[in-house]
Number of protein chains: 2
Amino acid sequence: MKHVTIKDIARYLSISVSTVSRALMDDRNVRKETREKVLEAARILGYKPNPVATNLKYGHTNTVGVIVPEMVTPFASTVINGIRSVLYGNGIKVIVADSGEDPDRERENLRLMEHFMVDGIIVSMCSYKKNKEDYIRLLEADLPMVFYDRIPHGLEVPQVIVDDYRKSFFLVEKMILGGRKRIVHIQGPDDIYNSVERARGYRDALAKYKIPYDEGTMVIKAGMTFEAGAEVADRLVGSGIQFDAVFAFTDTLAIGVMNRLRELGKKIPEEVAVASFSGTELSTIVYPKLTTVEPPLLQMGEKAAELILEKIKNPACPNRTEVVNAEIRMRESSGNIRPE
Amino acid sequence: MKHVTIKDIARYLSISVSTVSRALMDDRNVRKETREKVLEAARILGYKPNPVATNLKYGHTNTVGVIVPEMVTPFASTVINGIRSVLYGNGIKVIVADSGEDPDRERENLRLMEHFMVDGIIVSMCSYKKNKEDYIRLLEADLPMVFYDRIPHGLEVPQVIVDDYRKSFFLVEKMILGGRKRIVHIQGPDDIYNSVERARGYRDALAKYKIPYDEGTMVIKAGMTFEAGAEVADRLVGSGIQFDAVFAFTDTLAIGVMNRLRELGKKIPEEVAVASFSGTELSTIVYPKLTTVEPPLLQMGEKAAELILEKIKNPACPNRTEVVNAEIRMRESSGNIRPE
DNA sequence: CTTATGTCTGCAAACGATTGCGGTAACGTT
DNA sequence: AACGTTACCGCAATCGTTTGCAGACATAAG
């Protein structure tokens with residue numbers, strides 16, 4: 001893999017590299033015919049500028065890193081499409097790393113990006129606690145960073161989020177108004193901040209309608225996979241708890257629990273209504289289709305990209321928080337809950 | 001974002017940059033105490049080598065690009081995990097680009113990788129026809145390339161594949177032996193080579209059991225999305241064709257068609273058995289669970305990574321073709337087909 | 001004819017890291 | 001005392017590109 005350099009062009013035309021460079025850069029200090037000859041030669045020789053060299057010169061790589069917590073759902077890929085659409089237009093490349101819900105891998109990815117000398121990083125975190133020192137170090141080194149969806153807690157950073165609390169409050173409220181009285185909440189891991197926010201929404205919705213909040217039996221902590229959801233279903237049915245609805249932290253968990261409940265003979269939604277948060281296209285391919293809170297993923301990506309552009313252009317700019325509006329999608333899994 | 005360079009270390013210790021470089025490189029021509037002082041200073045100042053500079057020096061980026069056709073199923077992300085696991089171990093970074101089943105975007109991605117000066121590219125193609133000139137150009141420029149799953153046709157390149165023809169033959173055979181007589185094939189786009197191979201498997205399986213091959217009504221060409229699958233179901237039921245089974249090009253199509261068939265009142269698998277190829281985890285979250293041919297995705301990624309490593313180390317090495325063994329997973333969607 | 005002005009081009013330094021070569025000590029050998 | 005050896009370190013070139021500065025040349029103005 002040998003590359004043609006401006007040196008080759010210079011030799012080819014018997015002129016200096018500076019003139020070639022200037023011709024290529026459209027500097028007005030080159031005669032029109034010279035420029036044309038250079039352009040022609042570049043075309044003939046198949047010249048491609050070596051970005052590595054210019055990066056070295058200017059100290060930036062025109063690359064933004066994106067670190068996503070998982071890629072088994074299309075959540076991340078949709079956000080990334082949004083990010084790409086605005087960044088590509090600004091001549092910025094995007095590289096993606098997937099943490100697989102593992103904070104250690106997230107840290108590796110962070111180091112990778114750093115080592116890669118990206119101009120900025122867009123992150124959705126696995127854990128809002130785990131790699132705090134690294135994030136603080138990077139922030140203090142003035143590396144532009146933007147967070148979306150899974151944000152840190154207690155760090156003042158640019159971020160794009162949905163209103164986890166209010167949306168989960170409303171969703172649970174709808175279930176209550178639809179006649180469900182014993183709603184189980186499958187809570188996500190403690191170290192995801194959205195998890196505690198959504199759990200808070202659930203609790204307050206219950207409180208508003210004077211339904212007792214029973215943390216011991218009606219709130220179950222789980223992981224993030226389909227399998228984790230299925231295990232919750234086993235436990236739920238096994239323990240003989242009475243319940244007529246499930247509100248899950250994510251669609252992955254909801255799908256896991258819903259499928260297993262059906263296998264265990266529960267009718268969805270007649271006996272148990274199911275709803276979740278962070279729905280993707282997956283919510284529409286399961287049976288029955290899943291009621292979920294659907295963030296505008298493309299838009300989230302676009303906003304995140306805009307924020308990182310701001311930060312790159314001016315590292316001292318204020319840290320904005322963009323709240324985008326997630327839609328509650330009522331589908332079959334939650335039964336005949338009346339529409340708004 | 002200011003970086004500490006070896007120059008800073010040199011200045012800090014009042015020695016020359018060469019000595020610093022040598023100390024960092026573990027060259028034996030530096031006194032032990034000097035090396036220790038340098039290491040210490042590097043730690044204190046927070047030195048991180050600038051890869052851009054060394055890349056410029058050595059002409060490689062220690063980066064491999066991966067271009068995948070889509071990311072809404074976990075197919076690609078699993079393969080990528082395999083790729084990463086071996087490449088990271090060799091100190092090579094991985095950057096991913098998603099073509100969204102659009103050949104134009106695939107070409108952009110290709111150019112992106114080129115511009116990025118990656119040391120090699122691992123590709124799964126959208127179309128085996130569309131960007132041929134670009135691939136040929138890159139190949140002739142000796143850029144190491146490896147293909148997996150969605151490979152080109154008529155190009156001699158290193159590749160990792162499954163036996164599309166045989167596996168789809170066997171799967172259709174199982175459906176026939178299970179009593180299905182009128183099997184519809186949902187064929188993928190013409191410009192995906194796997195599509196024609198799988199269609200061939202379908203046809204030959206029919207032929208073996210003397211079932212007439214009716215290309216006009218029993219073979220339907222479709223796109224690649226859930227929605228495309230659903231439309232096929234509409235057309236199938238709308239036209240009143242008799243059929244008792246569907247064999248789809250991918251699980252995405254199969255899921256689309258299966259769900260819509262159920263909505264239209266067909267019982268799966270009693271009235272219509274459904275099976276597909278290229279199954280991912282998605283096959284297990286739909287209802288009923290989908291029978292599918294499941295390639296060993298992680299292994300495919302690992303093999304692809306090994307092949308690209310070979311090519312990078314020795315561009316002249318022969319182009320190997322690795323055939324990995326896909327497992328046929330019999331699940332509920334295909335009904336009581338007898339197991340092997 | 002001299003000077004000013006403008007247009008074009010080349011030299012060389014710079015970005016950060018590596019490395020061949022040459023220089024400088026210290027030390028040992030004869 | 002002269003020389004060789006060894007260990008250590010710095011100069012400068014290199015990778016590909018950009019750019020300030022200065023030189024060259026031409027043309028116009030005086």
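Chain letters run A, B, ... following the sequence lines, proteins first and then strands; every chain starts at 1. Below, each value reflects all heavy atoms present in this structure, side chains not excepted, and no hydrogens, waters or symmetry copies.
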Quiz prompt | Sorted by number, the residues of residues 30-40 of chain B with heavy-atom contact under 4.0 Å to DNA chain D | solution = B/Val30, B/Arg31, B/Thr34
Quiz prompt | salt bridge (charged side-chain N to carboxylate O under 4.0 Å, His left out) partners of residues 21-30 of chain B, not counting sequence neighbours, each pair once | solution = B/Asp26-B/Arg35
Quiz prompt | A/Ile192 and its side-chain contact (heavy atoms from CB on, under 4.5 Å) partner, picked from A/Met224, A/Met125, A/His153, A/Lys129 | solution = A/Met224
Practice problem: Consider only side-chain N and O atoms of B/Ser16 and B/Thr19, and report whether a donor and an acceptor are under 3.5 Å apart. | Solution: yes
Quiz prompt | With sequence neighbours excluded, residues passing side chain to side chain contact (heavy atoms under 4.5 Å, CB included) with A/Asn62 | solution = A/His60, A/Lys93, A/Asp119
Quiz item: Reading nucleotides 14-19 of chain C 5' to 3', which nucleotides get B (base under 4.0 Å from a protein heavy atom), which S (sugar-phosphate only), which -?
Solution: BBBBBB
Practice problem: Examine the side chains of A/Ser124 and A/Asp149 and answer whether a donor and an acceptor come within less than 3.5 Å of each other. | Solution: no
Exercise. Establish, yes or no, whether a centroid distance under 6.0 Å links the rings of B/Tyr135 and B/Phe147.
Key: yes
Quiz item: Once you round it to whole Å, what is the distance between C1' of D/dG10 and CG of B/Leu13?
Solution: 15 Å
Practice problem: Measure the acute angle between the ring planes of A/Tyr193 and A/Tyr128, then classify it against the limits of 30° and 60° as parallel, tilted or perpendicular. | Solution: perpendicular
Practice problem: Could you state the atom-to-atom distance from CZ of A/Arg28 to C1' of D/dT18 in whole Å? | Solution: 16 Å
Quiz item: When you check the gap from the basic side-chain N to the acidic O, do B/Glu114 and B/Arg137 get nearer than 4.0 Å?
Solution: yes
Quiz item: Would A/Arg43 and A/Glu40 pass as an ion pair if we require N to O under 4.0 Å?
Solution: yes
Self-check item: the helix from C/dC1-D/dG30 to C/dT30-D/dA1: angle between end helix axes, five pairs per end, rounded to 10 degrees
Solution: 80°
Quiz item: What integer distance in Å separates B/Asp27:CG from D/dC9:P?
Solution: 11 Å
Quiz item: Is the shortest side-chain N to carboxylate O distance from A/Glu101 to A/Arg150 below 4.0 Å?
Solution: yes
Practice problem: Only pairs at least two apart or in different chains count here, so list each salt bridge (charged side-chain N to carboxylate O under 4.0 Å, His left out) that has a residue in residues 308-318 of chain B. | Solution: B/Glu310-B/Arg320
Practice problem: Take atom CZ of B/Arg11 and atom C1' of D/dG10, then tell me their distance rounded to the nearest Å. | Solution: 16 Å
Exercise. Could you check how far CG of B/Asn29 sits from P of C/dG22, rounded to whole Å?
Key: 15 Å
